[in-house]
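Structure in structure tokens, see below.
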Amino acid sequence: MLDIRLIRSDPELVRQSIERRGGDSAPLDGLLKADERRRALLRDVEALRAERNQVSEEIAKIKRGGGDAADMIAEMRKVGDRIKELEADLREVEAEQDRLALEIPNLVSEDTPEGTTEEENVVVREWGEPREFDFEPRPHWEIAVNLDIVDFERATNIAGANFEVFKGDGARLRRALIGFMVDVHTQEHGYTEVAPPIIARRDSLVASGHLPKFEDDQFHVRENDMFLIPTAEASLVNIHRDEVLDAQTLPVSYVAYTPCFRFEKFSGGKESRALIRQYQFDKVEMFKFVLPETSMDELESLVRNAEAVYQRLGIPYKLALLCAGEMGIQAVKAYDPMAWFPGMGSWLELSSCSNCLDYQARRANIRFRRERGARPEFVHTLNGSGLAVGRTFAAVLENYQQEDGSVVVPEVLVPYMGGTRVIGRN
RNA sequence: GGAGAGAUGGCCGAGUUGGUCGAUGGCGCACGACUCGAAAUCGUGUAGGCGCGCAAGCGUCUCGUGGGUUCGAAUCCCACUCUCUCCGCCA
């Protein structure tokens, strides 16, 4: 969430960001009103409390001296009742304010492009040449099914639509991608590997920004009100929940492989097919806790870390700077590296890298101290996929397919595939 | 799932006949003294949130969380959460 003092002192800045995202600024107006009301109540309550504290002390003195304080006590009983009334009002206003504050999206960075649709994202750089095919390249679902390395039909036996079964060399390729990605980030980019819980409490998803707004998209465990994580970001940000980190330890960089679960009810269209949008998918996620003044540089480095995976895999991509309306509510600035899918004939993100400034850190109450005795400040957090495994799997199939339907294994994955260089029909 | 214990400041650990307790003490840390320097020793200081204020500062809240009783609660009552131990079950 945003600092209420910022919202108070510069509401138009916040309104502008909401409008740039194409959002509704009604919650902002409600929030401002609630805040004003809250502060007025607080002033009254605190004045009465101060009076009560003072008189109670006098009562204690009188009683110790064996005196009679009956009239003071009677007086304070009235004050106490009044305080209770005001406190009830205050609680109500505070709850309202909190509810609205969670809905206000983060600011939007100056250099974020205007717009609310994918077409308005701005390509900032490109890497790799889309391969020339001397045959008609097939979409990944045809390749996968023909090779019998992914089985969508039988997944429905287990879980219904929007799942897949990886099989044989497909299952191995999936593991190879995970192992390769995690190794690149730990060994070359300095991240610490973690394996967090993939089910999290409600408050953890509120902290990450996925609740309350997107509850409909989450798999919910009714029994204990927990959620299957939609991304490892939800787990990783909460690792340091309520902590005050030592500035010396920053930046803290984690990478985690986890399954992710998203119950996105809309579907259909080429870009939702097969491995592109599933209820369950694998993802390697990078996450950083950093000093505020470094977060924009850290975003650049995070994107480079994601791009390195594309490059090592030899998958051509365009790096898109997302327009205001395409970003998640936590982000002030975000990049999506978009991979080329020759079979589908489209560019599709395998990753999204965001700088959240202190928006998430505020929700999760994660701070740091510059030096001993200094007052704690909120850290900045960044997250980025490094990469989404299912989509990367699909991108590999489409980019490395051969005319006979087999798929060449990218050089860097060969060691992870036990030396297998080509996936063909068995 | 059953039984029990517990949750206090950066850490350890007092405090439960309600009344200067935001909290004794120790450790750690910072500064100072002593020292050529250091160790040891001594002294001083050392939580966070919110509100008001240009600021100094003042006020208020916080002893797991939320309610309640009371003029007044870390201390009494209720609910919840979490942690630990033992038993059971289990990969």
Side-chain angles (χ1 to χ4, degrees), chain A residues 1-10 31-102 195-207 211 221-227 235 238-250 252 259 358-359 361-379:
Chain A
M1 62 183 80
L2 294 172
D3 186 348
I4 183 64
R5 280 167 293 205
L6 170 71
I7 296 173
R8 203 146 65 205
S9 66
D10 198 350
L31 179 62
L32 289 166
K33 214 175 284 177
D35 176 54
E36 203 172 315
R37 174 112 194 286
R38 187 191 115 248
R39 284 184 300 150
L41 279 169
L42 195 57
R43 270 192 292 275
D44 294 347
V45 168
E46 292 195 344
L48 289 174
R49 280 172 178 165
E51 183 187 351
R52 182 180 66 185
N53 287 345
Q54 205 182 329
V55 174
S56 287
E57 220 170 280
E58 286 171 36
I59 291 172
K61 264 183 222 157
I62 291 169
K63 287 217 161 182
R64 262 198 307 271
D68 175 44
D71 48 343
M72 289 175 104
I73 288 176
E75 181 74 16
M76 283 307 101
R77 185 171 293 146
K78 275 188 244 164
V79 172
D81 289 345
R82 182 66 186 142
I83 290 175
K84 224 159 261 177
E85 282 171 31
L86 292 176
E87 280 177 339
D89 292 346
L90 188 61
R91 271 199 298 276
E92 211 172 290
V93 177
E94 276 173 347
E96 170 79 351
Q97 183 176 339
D98 288 347
R99 188 181 67 74
L100 292 168
L102 288 174
I198 61 172
I199 307 178
R201 271 190 273 116
R202 175 175 289 275
D203 53 310
S204 289
L205 265 74
V206 169
L211 291 180
V221 182
R222 182 177 312 183
E223 193 181 27
N224 54 5
D225 198 29
M226 292 179 92
F227 295 85
S235 295
N238 284 290
I239 286 180
H240 292 299
R241 197 52 179 290
D242 294 321
E243 284 188 41
V244 177
L245 303 170
D246 185 343
Q248 312 301 317
T249 66
L250 300 176
V252 173
D358 62 0
Y359 187 88
R362 248 171 230 291
R363 285 176 172 237
N365 190 29
I366 303 168
R367 297 173 295 172
F368 75 99
R369 229 186 272 277
R370 289 192 187 274
E371 56 198 58
R372 190 156 282 287
R375 61 185 3 252
E377 299 169 50
F378 289 106
V379 299

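Only heavy atoms go into these numbers, but all of them, side chains included; no hydrogens, no water, no symmetry mates. Lettering of chains follows the sequences in order, A, B, ..., and the numbering in each one begins at 1.
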P atoms of B:A30 and B:A38, separation to the nearest Å: 13 Å
Student check: side-chain heavy atoms of A:Y359 and A:L2 closer than 4.5 Å: yes
Interatomic distance at P, B:U17 relative to B:G88, whole Å: 39 Å
Presence of salt bridge, A:K61 and A:E58, under 4.0 angstrom: no
A:R367 side chain to A:R375 backbone, donor-acceptor under 3.5 Å: no
Boundaries of the chain A footprint along RNA chain B (any atom under 4.0 Å from a heavy atom): B:G19 to B:G72
Atom pair CZ (A:R91) and CG (A:L86), whose distance is rounded to the nearest 0.5 Å: 11.0 Å
side-chain contact (heavy atoms from CB on, under 4.5 Å) partners of A:N53, counting only residues at least two apart: none
Sugar-phosphate, base or nothing in reach of A:R202, heavy atoms under 4.0 Å: nothing
side-chain contact (heavy atoms from CB on, under 4.5 Å) evaluation trace for A:R99 with A:E96: CA-CA 5 Å; A:R99 188 181 67 74; A:E96 170 79 351; 3.4 Å; yes
Separation of the C1' atoms in B:U70 and B:G28, to the nearest angstrom: 39 Å
Sub-4.5 Å side-chain heavy-atom contact between A:Q54 and A:E51: no
Sugar-phosphate only, base, or nothing, as touched by A:K61 at under 4.0 Å among non-hydrogen atoms: nothing
A:R38/A:D35 ion pair, N-O < 4.0 Å: yes
Residue whose closest nucleotide on RNA chain B lies nearer the 5' end, A:R369 versus A:R91: A:R369
B:G25 to B:C80 separation - P atoms, rounded to the nearest Å: 38 Å
Inter-nucleotide C1' distance (B:C42, B:C34), Å rounded: 8 Å
Pairwise P distance, B:U75 and B:G64 [rounded to whole Å]: 8 Å
Euclidean distance for C1', B:U41 against B:A56 (whole angstrom): 36 Å
Crowding at CD, A:E92 (>12 non-hydrogen neighbours, <6.0 Å): no
Nearest-nucleotide 5' precedence on RNA chain B, A:I4 against A:G80: A:I4
Pair pattern of RNA chain B in dot-bracket, where unpaired bases get dots and | marks partners in another strand, Watson-Crick or G-U under 3.5 angstrom: ((((((((.[[[..)...(.....]]]((((((.......))))))((((((....)))))).[[[[[..)....]]]]])))))))....
Sugar-phosphate only, base, or nothing, as touched by A:I59 at under 4.0 Å among non-hydrogen atoms: base
Gap in Å between the two P atoms, one belonging to B:G10 and one to B:A47, rounded: 9 Å
